[in-house]
Amino acid sequence: QVQLVESGGGLERSGGSLRLSCAASGRTFSRYSMGWFRQAPGKERDFVAAISGSGSVLYADSVKGRFTISRDNAKNTVYLQMNSLKPEDTAVYYCAARYSGFSRRANDVDYWGQGTQVTVSS
């Protein structure tokens, strides 16, 4: 069982930056691929970024070059640095864990965090 707790969301202006953190419980954190998904009102939960236990990364095209995912296995924490924010980045951001290679599909996620709201004003 893995519990995920996100923090760092909030309100930011277009062009600004935010950093999300996700703290995970458990002693096997490094074996999990970690990721971030987001869900805007009335829309599906979409893939944002993922990082494997060894540090390989994958990004959605919509955030490539603006967002950076990283992890600290010693702290059981994964981060999402979001720069050059746009109003269309507004959504609830969910931390995700998968005990295998990363996937863009929400249905492949084994554990979810509770979500943190990110709002970008124009």
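The shortest distance between side-chain heavy atoms of S17 and M82 does not fall below 4.5 Å. Using a 4.5 Å heavy-atom threshold, the side chains of F37 and D46 count as separate. Considering only heavy atoms from C-beta on, S56 comes within 4.5 Å of F102 through its side chain. Residues M34 and F29 form a side-chain contact, since some pair of their non-hydrogen atoms from C-beta on lies under 4.5 Å apart. For the pair R38 and V63, the minimum side-chain heavy-atom distance is below 4.5 Å. In this structure the side chain of V78 reaches within 4.5 angstrom of the side chain of I51, judged on heavy atoms. Counting heavy atoms from C-beta outward, R71 and N76 have side chains that stay 4.5 Å or more apart. Looking at V118 and L20, their side chains come closer than 4.5 Å, going by heavy atoms from C-beta outward.
Below 30°, between 30° and 60°, or above 60°: for Y94 and W112 the angle between ring planes is above 60°, a perpendicular geometry.
Ionic pairing of K64 and D61 is present here: one or more N-O contacts between side-chain nitrogen and carboxylate oxygen are shorter than 4.0 angstrom.
One distance of note links CG of N83 with OG1 of T68; it measures 6.5 Å at 0.5 Å rounding. Distance check, rounded to the nearest 0.5 Å: CZ of R105 to CZ of F47 gives 13.0 Å. A distance of 15.0 Å separates OH in Y93 from SG in C22, rounded to the nearest 0.5 Å. From L18, atom CG reaches atom OG1 of T119 across 9.5 Å, with rounding to the nearest 0.5 Å.
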Full working for side-chain hydrogen bond (donor to acceptor under 3.5 Å, both in side chains) between E44 and Q39 = CA-CA 6 Å; E44 295 184 349; Q39 188 167 19; over 6 Å; no
Please step through side-chain contact (heavy atoms from CB on, under 4.5 Å) for the pair R98 and Y32, ending with a clear verdict.
-> CA-CA 5 Å; R98 184 169 189 256; Y32 283 82; 5.7 Å; no
Going through the distances and angles, do R19 and Y79 end up as a side-chain contact (heavy atoms from CB on, under 4.5 Å)?
-> CA-CA 7 Å; R19 188 194 197 203; Y79 306 96; 3.5 Å; yes
Tell me, with the steps shown, if F67 and D89 meet side-chain contact (heavy atoms from CB on, under 4.5 Å).
-> CA-CA 11 Å; F67 291 10; D89 294 320; 3.9 Å; yes
Kindly determine whether E88 and T90 satisfy side-chain hydrogen bond (donor to acceptor under 3.5 Å, both in side chains), including the steps that lead there.
-> CA-CA 5 Å; E88 51 263 44; T90 296; over 6 Å; no
Using the side-chain contact (heavy atoms from CB on, under 4.5 Å) rule, take E6 and W36 through it: C-alpha gap first, then chi angles, then the decisive distance, then the call.
-> CA-CA 10 Å; E6 301 101 333; W36 292 92; 3.8 Å; yes
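Looking only at distances, no side-chain donor or acceptor of S103 sits under 3.5 Å from a matching main-chain atom of D108. No donor-acceptor pair under 3.5 Å is formed between the side chain of S21 and the backbone N or O of S7. Remark: side-chain polar atoms of N73 are not paired, donor with acceptor, to backbone N or O of S30 under 3.5 angstrom. In this structure a side-chain-to-backbone donor-acceptor pair under 3.5 Å is missing from Q117 to G9. Remark: side-chain polar atoms of S52 are paired, donor with acceptor, to backbone N or O of G55 under 3.5 angstrom. Checking side-chain atoms of T77 against main-chain N and O of K75 turns up a donor-acceptor pair under 3.5 Å. Between the Y59 side chain and the I69 main chain, a donor and an acceptor come within less than 3.5 Å of each other.
The shortest heavy-atom contact between S100 and S33 is O-OG, 2.6 Å. The minimum heavy-atom distance linking A24 with L4 is given by the pair CB-CD2, 3.6 Å.
When hydrophobic clusters are built by joining Ile, Leu, Val, Met, Phe, Trp and Tyr residues whose side-chain heavy atoms come closer than 4.5 Å, directly or via intermediates, V120 is not grouped with L11. The hydrophobic cluster containing V109 does not contain Y99, counting ILVMFWY residues as joined when their side-chain heavy atoms lie under 4.5 angstrom apart, directly or transitively.
Residues that satisfy the side chain to side chain donor-acceptor pair (under 3.5 Å) test with D72, not counting sequence neighbours, are absent from this structure. Remark: R104 pairs with no residue by the side chain to side chain donor-acceptor pair (under 3.5 Å) rule, at least two apart or across chains.
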